[in-house]
Amino acid sequence: SPMRLDAVDRLANTAEFFVHLEDVRRAQPDWSARELDAELDDDLYGVLKRGAKMMARKAPAGITLAPTGRTSIVANKNEPMVEVSGPVGELVVWLYGRQAHSLVDYDGPADAVDELRAANFGI
């Protein structure tokens, strides 16, 4: 299995486990965003850099991910373009289809933003 390789396992499972943990956390009525440690933030940013284009390939609008304090990532070059900004972890949650439960900001045409809020991302 490719998962035997630490780098592959880390790439695939870090985001998956992170998103599922956030699913559980955000199902609580009093949840709040948490600050991620630097290593997890770096790993999740790597997930965005390597996987955003594949995850957003069927998006109904263009997407530029703008992680706080990091270089932006063009996930989909369609027009109109929408910039989705926020902490790295929130962008991962958003890209994994939890748009309603992610703490991100949008900058773009209202109709394109609405389409992205309801879009189905994923592999």
Side-chain angles (χ1 to χ4, degrees):
S1 167
M3 294 299 175
R4 289 181 300 178
L5 302 171
D6 183 54
V8 174
D9 178 61
R10 190 172 189 154
L11 174 66
N13 288 326
T14 298
E16 194 74 23
F17 292 156
F18 173 77
V19 170
H20 290 306
L21 173 62
E22 289 301 308
D23 287 342
V24 172
R25 289 185 69 253
R26 292 165 195 235
Q28 308 307 312
D30 60 346
W31 78 274
S32 62
R34 61 188 172 120
E35 190 170 324
L36 305 180
D37 66 55
E39 184 178 10
L40 179 56
D41 196 73
D42 287 345
D43 285 348
L44 292 175
Y45 181 66
V47 167
L48 287 177
K49 285 187 351 185
R50 288 185 290 278
K53 287 182 181 178
M54 181 178 58
M55 299 276 293
R57 70 191 181 284
K58 296 179 184 176
I63 302 169
T64 297
L65 300 174
T68 306
R70 304 277 189 153
T71 302
S72 293
I73 300 162
V74 176
N76 186 305
K77 293 182 181 180
N78 286 340
E79 291 293 332
M81 182 63 72
V82 175
E83 181 180 84
V84 184
S85 60
V88 170
E90 295 301 318
L91 292 173
V92 169
V93 170
W94 184 86
L95 194 59
Y96 270 68
R98 277 66 166 186
Q99 295 96 311
H101 302 286
S102 59
L103 302 175
V104 298
D105 294 313
Y106 298 90
D107 184 21
D111 57 335
V113 169
D114 289 343
E115 287 180 332
L116 288 178
R117 287 178 195 238
N120 183 17
F121 300 115
I123 299 171

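Reckoned from all heavy atoms, side chains included, excluding hydrogens, waters and symmetry mates. All of these numbers come straight from a predicted model, not from anything done at the bench.
In this structure, Arg26 contributes its side chain and Ala33 its backbone to no donor-acceptor pair below 3.5 Å. A donor-acceptor pair is defined here as one N or O able to donate and one able to accept, closer than 3.5 Å; no such pair exists between the side chain of Asp41 and the backbone of Leu36. Side chain of Thr64 to main chain of Ile73: no donor-acceptor pair is present (N/O by atom type, distance under 3.5 Å, no hydrogens or angles). Put simply, the side chain of Glu83 never gets that close to the backbone of Ala66: no donor and acceptor are under 3.5 Å apart.
A distance of 11.5 Å separates OG1 in Thr14 from CG in Asp42, rounded to the nearest 0.5 Å. In this structure, CD on Glu39 lies 10.5 Å from CG on Leu44, to the nearest 0.5 angstrom. Taking CZ from Arg70 and OG1 from Thr68, the interatomic distance works out to 10.0 Å, rounded to the nearest 0.5 Å. Between Asp43 atom CG and Asn13 atom CG the span is 12.0 Å, to the nearest 0.5 Å.
Applying the side-chain hydrogen bond (donor to acceptor under 3.5 Å, both in side chains) test to Tyr106 and every residue at least two apart in sequence or in another chain returns Trp94.
Closest approach of Pro109 and Val82 over heavy atoms only: CD-CG2, 4.4 Å. Summarising the geometry of Gln99 relative to Leu116, their closest heavy-atom pair is NE2-O, 3.0 Å, with the distance given to 0.1 Å. In terms of heavy atoms, Leu103 sits closest to Glu90 at N-OE1, 2.7 Å. Considering every non-hydrogen atom in both Pro67 and Tyr45, the closest pair reads CG-CE1, 3.7 Å. The two residues Glu79 and Met81 make their nearest non-hydrogen contact at OE1-N, 3.5 Å. Ala61 and Asn78 get closest at one heavy-atom pair: C-CB, 3.7 Å.
By the criterion of side-chain heavy atoms lying less than 4.5 angstrom apart, applied directly or through intervening Ile, Leu, Val, Met, Phe, Trp or Tyr residues, Met54 is not grouped with Val74; the two fall into different hydrophobic clusters.
Across Val92, Ile63, Leu95, Asn76, a single residue satisfies side-chain contact (heavy atoms from CB on, under 4.5 Å) together with Met55, and that is Leu95.
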With side chain to side chain contact (heavy atoms under 4.5 Å, CB included) as the criterion, how do His20 and Val24 come out once you've worked through the C-alpha distance, each side chain's angles and the decisive distance to 0.1 Å?
CA-CA 7 Å; His20 290 306; Val24 172; over 6 Å; no
